[in-house]
Amino acid sequence: QVQLVESGGGTVQAGESLRLSCVASGYTYSSGAMAWFRQAPGNEREGVARINIKFGSTYYADSVKGRFTISRDNANDTLYLQMNSLEPEDTAVYYCAFSEVAWSSATWTKPGNYPYWGQGTQVTVSS
């Protein structure tokens with residue numbers, strides 16, 4: 001059973017940084033993709049960033065390009081999201097997700113493509 005546990009959320013001022021972590025367990029896949037999604041109240045869950053587990057290639061939502069960086073420590077099965085220059089619009093619950101399929105640039109943002117999810121961690125950015 002795949003388990004994903006996020007941590008690192010909190011409340012920060014606009015312009016500050018946070019780093020989210022997601023520890024994965026219960027699987028031995030060396031391929032597929034891990035991703036970060038977020039969901040603000042009243043909004044749909046949206047893809048933030050995705051990383052290919054085998055090749056390390058990444059995709060980002062336009063709204064976070066240049067500010068957020070997704071990375072993965074394969075030795076420790078940990079996914080990271082470094083978030084810099086945070087804006088109030090980044091306020092949301094952030095979730096990590098895993099799929100055995102390394103979804104392409106056209107499909108990685110669809111939440112239904114990821115069978116495994118963490119419980120989420122709240123990020124609040126005040127102005």
Side-chain angles (χ1 to χ4, degrees):
Q1 179 71 18
V2 176
Q3 291 188 322
L4 304 172
V5 180
E6 303 99 333
S7 62
T11 299
V12 297
Q13 300 273 351
E16 294 184 340
S17 300
L18 277 176
R19 188 175 81 157
L20 305 183
S21 300
C22 173
V23 178
S25 62
Y27 74 93
T28 57
Y29 298 104
S30 59
S31 60
M34 294 194 75
W36 288 99
F37 285 76
R38 66 186 181 186
Q39 188 167 19
N43 289 358
E44 295 184 352
R45 193 167 296 190
E46 63 172 350
V48 175
R50 182 229 81 168
I51 188 166
N52 182 303
I53 292 173
K54 184 175 182 179
F55 299 111
S57 54
T58 58
Y59 296 128
Y60 294 92
D62 288 343
S63 59
V64 306
K65 280 181 183 176
R67 300 188 298 122
F68 290 11
T69 302
I70 187 172
S71 62
R72 174 172 163 80
D73 180 346
N74 286 344
N76 293 304
D77 289 326
T78 302
L79 179 73
Y80 299 102
L81 184 68
Q82 178 66 43
M83 306 186 293
N84 298 330
S85 301
L86 282 161
E87 303 168 352
E89 293 74 22
D90 297 317
T91 295
V93 177
Y94 283 71
Y95 299 89
C96 71
F98 167 72
S99 171
E100 298 97 320
V101 178
W103 299 102
S104 69
S105 59
T107 55
W108 74 270
T109 59
K110 300 181 186 300
N113 287 343
Y114 296 81
Y116 306 103
W117 292 85
Q119 81 289 351
T121 185
Q122 176 71 47
V123 172
T124 302
V125 185
S126 59
S127 57

If you take all heavy atoms of Ala92 and Ala40, which pair is closest and at what distance?
CB-N, 3.8 Å
Mind checking what makes side chain to side chain donor-acceptor pair (under 3.5 Å) contact with Gln3, not counting sequence neighbours?
none
Counting only heavy atoms not in Gln13, do more than 12 sit closer than 6.0 Å to its CD atom?
yes
Return the CZ to CG distance between Phe98 and Asp77, rounded to the nearest 0.5 Å.
10.0 Å
Say whether Tyr80 and Phe68 are linked into one hydrophobic cluster, either directly or through other cluster members, by side-chain heavy-atom distances under 4.5 angstrom.
no
Using the rule that Ile, Leu, Val, Met, Phe, Trp and Tyr join whenever any side-chain heavy atoms are under 4.5 Å apart, tell me whether Ile53 and Val2 fall into a single cluster.
yes
Would you say the side chain of Thr109 lies within less than 4.5 Å of the side chain of Glu46, judging by non-hydrogen atoms?
no
Would you say that Ser17 contacts Asn84 through its side chain, given a criterion of any heavy-atom pair below 4.5 Å between the two side chains?
yes
Nearest heavy-atom contact between Gly9 and Thr121 is N-OG1, 3.2 Å
Quick one: does Ser99's side chain get under 4.5 Å of Asn113's, heavy atoms only?
no
Which pairs with one or both residues in residues 90-99 pass salt bridge (Lys or Arg N to Asp or Glu O under 4.0 Å), sequence neighbours excluded?
Arg38-Asp90, Arg67-Asp90
Give, for atom CZ of Arg50 and atom CD1 of Ile70, the distance between the pair rounded to the nearest 0.5 Å.
8.5 Å
State the CE-OG distance between Met34 and Ser71, to the nearest 0.5 angstrom.
11.0 Å
Looking at every non-hydrogen atom in both residues, tell me the closest pair between Ser127 and Pro88 and how far apart they are.
CB-CG, 3.8 Å
To the nearest 0.5 Å, how far apart are CG in Leu79 and CD in Glu6?
9.5 Å
What is the minimum heavy-atom distance between Leu20 and Val123, and which atoms define it?
CD2-CG2, 4.0 Å
Tracing side-chain links under 4.5 Å among I, L, V, M, F, W and Y, which residues wind up in one group with Trp108?
Phe37, Tyr59, Val93, Tyr95, Val101, Trp103, Tyr114, Trp117
Joint hydrophobic cluster, Tyr60 plus Leu18, side-chain heavy atoms closer than 4.5 Å
yes
Between Tyr116 and Leu81, is there shared hydrophobic-cluster membership here, with clusters defined by ILVMFWY side-chain heavy atoms closer than 4.5 Å?
yes
Can you find a heavy atom in the side chain of Glu89 that is under 4.5 Å from one in the side chain of Val125?
no
Nearest 0.5 angstrom please: Ser104 OG to Asn52 CG, how far?
11.5 Å
Side-chain contact, heavy-atom cut-off 4.5 Å: Glu44 with Pro111?
no
Distance from Arg72 atom CZ to Cys96 atom SG, nearest 0.5 Å?
10.0 Å
